[in-house]
Amino acid sequence: MQVTRNIMDQVRQDISEALRNSISELVAAGKLPPAVEAQAVQGIALEAPKDPNHGHLASPVALGLAKSARMAPRAVAEAIRDQLMQPGHSPYIEMVEVAGPGFINFRLSSKWAADTVRAIRSLGREYGTSTHGAGAGVLVEFVSANPVGPMNVVNARAAAVGDTLVRLLKAAGYRAASEFYVNDAGRQVDILAESVFAHVQQLRGVEYEFPEEGYRGSYVRDIAEKALADLGEQLGAAADADADAARALLREFSLQYILGWQKRSLGAYGVEFDRWFSEKSLRAAGAVEDLIASLTEQGLTYEQEGALWFRSTAFGDDKDRVLIKNDGDYTYVAPDLAYHKDKLNRGFTKLIDILGPDHHGYEGRMQAGLKAFGQPDGTLEVLILQLVTLLRDGEPVKMSKRAGEFITMDDLLEDVPVDAARYFFIMRNTSSHLEFDLNLAKAQSMDNPVWYIQYAHARCCSIFRQAEAAGIPASSWADPDIAQLAQASEAELVRKMAMFPDEVLSAAIERAPSRMARFALDFAGAFHSFYTECRVITDDPGLTAARLALVDAARTVLANSLNLMGVSAPERM
RNA sequence: GCGCCUAUAGCUCAGUGGAUAGAGCACCGGCCUCCGGAGCCGGGUGCGCAGGUUCAAUUCCUGCUAGGCGCGCCA
């Protein structure tokens, strides 16, 4: 037997079909006017009600049909219900009720519950995945922090959101890849090299003025010391003979130093990029020239005041953008456009850029570029993350770059466990400001949502240890009678686990990792309620078997949702 | 001035064209001879303001108000 990946999906199809048939039958019998049929064919909505009292699925179809039927919504709903009661409809329907203003609510049968638990246990780690994306290529670019200093907390938020989004997209059947764009060719790196050079000279006892706009963090001196240790004579000789040669050496050295640092920090955070894309390599390949030539060929560039401009206003941007400055250098816009074109050339049909709140002005020019490339609207999606406020002891942590008082990503991860950091950073909508409570993230208590969820998983594992200790063979609960699970908390747990594939898909499609965070928390709550109400290991072998199977399915859902967030699922805590 | 984001319970936040708008925290009260009490159960006068679209608006549209961020030939 083929295992259905998403039972709810199948049930929805069944019931939609049943509803549609019932309406046709009513029209044929003259109990509803023909006008409603045309309307009903448009599609029949079925939703999962928030309130469990409203059943597993509900349809507002009668509300929409009331007007053209010239009947009260409840009367329409009751007619449909009566028709649905005729035999031959879906085996998953246990009961149909009309409620409220005219909703048709469906309670699903124990066959449905049994199929759900069986499918989850059979699919295991695959439960929640789908083929919705049909292998379409999606490139998610995030963090892309300039290689000139430590990463900040918004970079950490971007890393958690981006990485989780990639996991979600993969689960939803997309060919998703993560990318970090390395700005290794711009002026920023030159300034870093000059800053390091000043330190090098100082360390060598040579007087040298620190650059006005130089980077002042203590890490700059660390790089200088490391460079002197590693490059030794070569660097000293260059510094004495040819400052530019020394700067070039330091430029490359600093870059590698910081890239290594960024990779370590992100790696410790559980974020491995599929690719670190070098701007320098893009330039070396002539991609920027090609881009400009192509735009020029389309008549989308012009010269003014010694600079070359991109007519981005032709595609909805606020103002035109400079591509080549009057000093002959590119602005960042030119390589960035070339980079986005490169992404398309590599076969990605959807590009997602995750940016910090200070970069939202960037979207207009990139969107203009994508249109100039002839891409349909929606090819590029820009997710702007809002600010993060750190709270310590209930007070906002004041950060001032000027005073050198700011919490870096490394500081944060030293303070807070990785699992907690990742969870906290994704638990809010990306468009909302995020308050990050450092005390709570560190707390090993029920108040901490990460602990609460992980505890539910550990509890499942503990039950299996107990079962084993009690000598209950695994074979005894391989395929138990799920109909024995009659408690409210059991039904609720099944209902929620059945919704997991839809949740994964929604989170992926809406680019909303926070949905997964909330689902996991909610599901853990349902598990704890069940655990308190129902003792799993009892004197009744049949009931014990059914509950062990239920716990097994719950453990899978917990583990899979934690895994999608990059949070560990511990067996003991 | 223009652009983006936000406005929902005391606090932090969900939610969505549909039923009585939810969760956590905080506060009050219950629940352990038993699988991990790191838990569970109960307790609520809240959608910034004003119009519009709709059978139905917290949700969509318009205009206000308040807050955050941005508006460089920096990235």
Side-chain angles (χ1 to χ4, degrees), chain A residues 45 47 49-51 53-54 58-60 63-68 72-73 99-103 105 144-146 148 181 183 186-188 191 213 279 304-309 318-319 321-333 335-336 355-364 382 384-387 389 391 394 427-437 440 443-449 451-452 454-456 458-467 469-470 489 514-515 517-518 521-522 524-525 527-538 544 547-548 551 572-573:
Chain A
E47 53 200 37
K50 288 141 277 182
D51 185 343
N53 292 323
H54 297 149
S59 177
L63 277 59
L65 259 32
K67 196 175 188 182
S68 53
F103 284 94
N105 293 344
S144 297
N146 272 332
V148 292
Y181 181 58
N183 287 106
R187 204 172 119 253
Q188 312 278 339
I191 295 171
E213 290 180 282
E279 178 188 355
Q304 188 179 306
E305 295 168 20
L308 185 75
W309 296 69
D318 302 342
K319 47 182 283 196
R321 305 292 167 180
V322 171
L323 295 172
I324 304 179
K325 297 188 270 184
N326 58 20
D327 66 3
D329 283 348
Y330 296 124
T331 62
Y332 67 93
V333 177
D336 279 4
L355 303 174
D358 50 338
H359 282 72
H360 70 248
Y362 175 93
E363 179 170 4
V382 179
I384 306 289
L385 297 178
Q386 295 302 318
L387 288 177
T389 306
L391 291 182
M427 73 181 176
R428 301 299 179 220
N429 288 342
T430 55
S431 62
S432 293
H433 291 210
L434 171 71
E435 287 211 346
F436 191 120
D437 186 330
L440 184 59
Q444 306 193 350
S445 77
M446 59 185 176
D447 300 344
N448 183 337
W451 274 74
Y452 185 82
Q454 290 180 319
Y455 179 60
R459 233 178 187 177
C460 291
C461 297
S462 171
I463 291 168
F464 296 126
R465 289 193 293 270
Q466 289 290 334
S489 60
S514 63
R515 284 191 67 132
R518 239 171 295 117
L521 187 62
D522 187 53
F527 177 77
H528 289 309
S529 293
F530 154 75
Y531 180 88
T532 303
E533 185 183 27
C534 304
R535 196 180 157 77
V536 176
I537 298 168
T538 66
T544 299
R547 287 187 174 160
L548 282 169
V551 173
R572 296 172 199 269
M573 295 171 70

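First the proteins, then the strands, lettered A, B, ... as listed; each starts at 1.
Base engagement by A/Cys534 is indicated by at least one non-hydrogen atom pair under 4.0 Å involving a base atom. Backbone-only engagement by A/Tyr452 is indicated by non-hydrogen atom pairs under 4.0 Å involving sugar-phosphate atoms exclusively. Backbone-only engagement by A/His528 is indicated by non-hydrogen atom pairs under 4.0 Å involving sugar-phosphate atoms exclusively. Across all strands shown, A/Met427 has no heavy atoms under 4.0 Å from either base or sugar-phosphate atoms. Residue-level contact check: A/Arg572 touches the bases, meaning some heavy atom is under 4.0 Å from a base atom. Heavy atoms of A/Asp318 sit nowhere under 4.0 angstrom from any nucleic acid atom. Within the 4.0 angstrom heavy-atom criterion, no nucleotide atom of any strand lies near A/Ala469. A/Leu521 comes within contact range of no nucleotide atom at all, as no heavy-atom separation falls under 4.0 Å. Across all strands, A/Ile384 comes closer than 4.0 Å to no nucleic acid atom at all (heavy-atom distances).
Checking the phosphate oxygens (OP1, OP2) of B/C13, no side-chain nitrogen or oxygen of A/Asn429 falls inside 4.0 Å. At the phosphate of B/C73, OP1 or OP2 sits under 4.0 Å from a side-chain N or O atom of A/Lys319.
Side-chain contact between A/Val551 and A/Phe464 is present, with heavy atoms from C-beta onward closer than 4.5 Å. Side chains of A/Ile463 and A/Leu548 form a contact here, defined as non-hydrogen atoms less than 4.5 Å apart. A heavy-atom distance below 4.5 Å is not found between the side chains of A/Arg428 and A/Phe436. Taking the side chain as every heavy atom from C-beta outward, A/Pro357 and A/Gln386 approach each other to under 4.5 Å.
Which of B/C41, B/G70, B/G37 sits closest to the side chain of A/Ser529 comes down to B/C41. Which of B/C74, B/G15, B/C35 sits closest to the side chain of A/Ile537 comes down to B/C35. The side chain of A/Arg535 lies closest to B/C35, out of B/C35, B/C25, B/C41. Set against B/A75, B/G37, B/C35, the side chain of A/Ser462 has B/C35 as its closest nucleotide. Among the nucleotides B/G68, B/C73, B/A75, the one closest to any side-chain atom of A/Gln386 is B/G68. Comparing B/G68, B/A19, B/G37 against the side chain of A/Arg459 picks out B/G37 as the nearest. Of the candidates B/C35, B/C73, B/G37, B/C35 carries the atom nearest the A/Gln466 side chain, counting heavy atoms from C-beta on. Checked against B/C74, B/A19, B/C73, the side chain of A/Trp309 finds its nearest nucleotide in B/C73.
Comparing the same atom, P, in B/U62 and in B/G68 gives a spacing of 24 Å after rounding to whole Å. The C1' atoms of B/C34 and B/C40 are separated by 15 Å, rounded to the nearest whole Å. The separation of B/G15 from B/U59, taken at their P atoms, amounts to 15 Å, rounded to a whole angstrom. Rounded to whole Å, the C1' atom of B/G44 lies 35 Å from the corresponding atom of B/C4. Of the P atoms belonging to B/G43 and B/U53, the separation is 40 Å, rounded to the nearest Å. Taking atom P on both B/G22 and B/A9, the two are 14 Å apart, rounded to the nearest angstrom. When the P atom is compared between B/A7 and B/C61, the two are found 14 Å apart, to the nearest whole Å. Taking the P atoms as reference points, B/C64 lies 11 Å from B/G1, given to the whole Å.
Look at CD on A/Glu213: it is 12 Å from P on B/A75, rounded to the nearest Å. One interatomic measurement links the two molecules: CG of A/Asp358 to P of B/C4, which rounds to 17 Å at whole-angstrom precision. Between the P atom of B/A23 and the CG atom of A/Asp51 lies a distance of 10 Å, rounded to the nearest Å. The distance between atom CG of A/Asp447 and atom C1' of B/C13, rounded to the nearest whole Å, is 16 Å. Straight-line distance from the CG atom of A/Asn53 to the C1' atom of B/G22: 14 Å, rounded to whole Å. The separation between A/Tyr362 atom OH and B/C71 atom C1' is 17 Å, rounded to whole Å.
Under the 3.5 Å distance criterion, the side-chain polar atoms of A/Arg547 are matched with a main-chain donor or acceptor of A/Arg535.
Within 3.5 Å, a donor on the side chain of A/Asn105 pairs with an acceptor on the base of B/A19, or the reverse. With hydrogens and angles left out, the side chain of A/His359 and the base of B/G70 share no donor-acceptor pair within 3.5 Å.
Using a 4.0 Å cut-off between charged side-chain N and carboxylate O, A/Arg187 and A/Glu213 make a salt bridge.
Stacking of the aromatic ring of A/Phe103 onto the base of B/A19 is found: the ring centres lie under 5.5 Å apart and the planes are inclined by under 30°. Under the stacking definition used here (centres under 5.5 Å, planes under 30°), the residue A/His360 fails to qualify as stacked on the base of B/G70.
A 6.0 Å sphere centred on NZ of A/Lys50 holds no more than 12 heavy atoms belonging to other residues, nucleotides or ligands.
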Next on the checklist: With side-chain hydrogen bond (donor to acceptor under 3.5 Å, both in side chains) as the criterion, how do A/His528 and A/Arg459 come out once you've worked through the C-alpha distance, each side chain's angles and the decisive distance to 0.1 Å?
Outcome noted: CA-CA 9 Å; A/His528 289 309; A/Arg459 233 178 187 177; 3.0 Å; yes

Checklist entry - Run the side-chain hydrogen bond (donor to acceptor under 3.5 Å, both in side chains) check on A/Asn183 and A/Tyr332 step by step: do they pass? => result CA-CA 9 Å; A/Asn183 287 106; A/Tyr332 67 93; over 6 Å; no

Checklist entry - How does RNA chain B look in dot-bracket form if you count Watson-Crick and G-U pairs under 3.5 Å, write [ ] for pairs that cross, and put | where a base pairs with another strand? => result (((((((..((((....[...)))).(((((.......)))))....(((((..]....))))))))))))....

Please produce a list of atom pairs where a protein N or O lies less than 3.5 Å from an N or O of nucleotides 6-12 of chain B.
residue : atom : partner  : partner atom : Å
B/U6    : OP1  : A/Ser431 : OG           : 3.2
B/U12   : O2'  : A/Arg428 : NH2          : 2.9

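In this model, no donor atom of one side chain and acceptor atom of the other lie less than 3.5 Å apart for A/Ser489 and A/Ser529. Checking A/Asp447 against A/Tyr452 by side-chain atom types alone, no donor-acceptor pair falls below 3.5 Å.
Mapping A/Gly186 and A/Ala458 onto RNA chain B by nearest heavy atom places A/Ala458 closer to the 5' end of the strand. Comparing A/Thr532 and A/Glu47 by the nucleotide of RNA chain B that holds the closest heavy atom to each, the one mapping nearer the 5' end is A/Glu47.
For A/Arg518 against A/Asn429, the heavy-atom pair with the smallest separation is NH2-OD1, 3.6 Å.
Shown here, B/C32 is classed syn by the O4'-C1'-N9-C4 or O4'-C1'-N1-C2 angle, which is within 90° of 0.
Using cut-offs of 30° and 60° for the angle between ring planes, the A/Tyr531 and A/Phe527 rings count as tilted.
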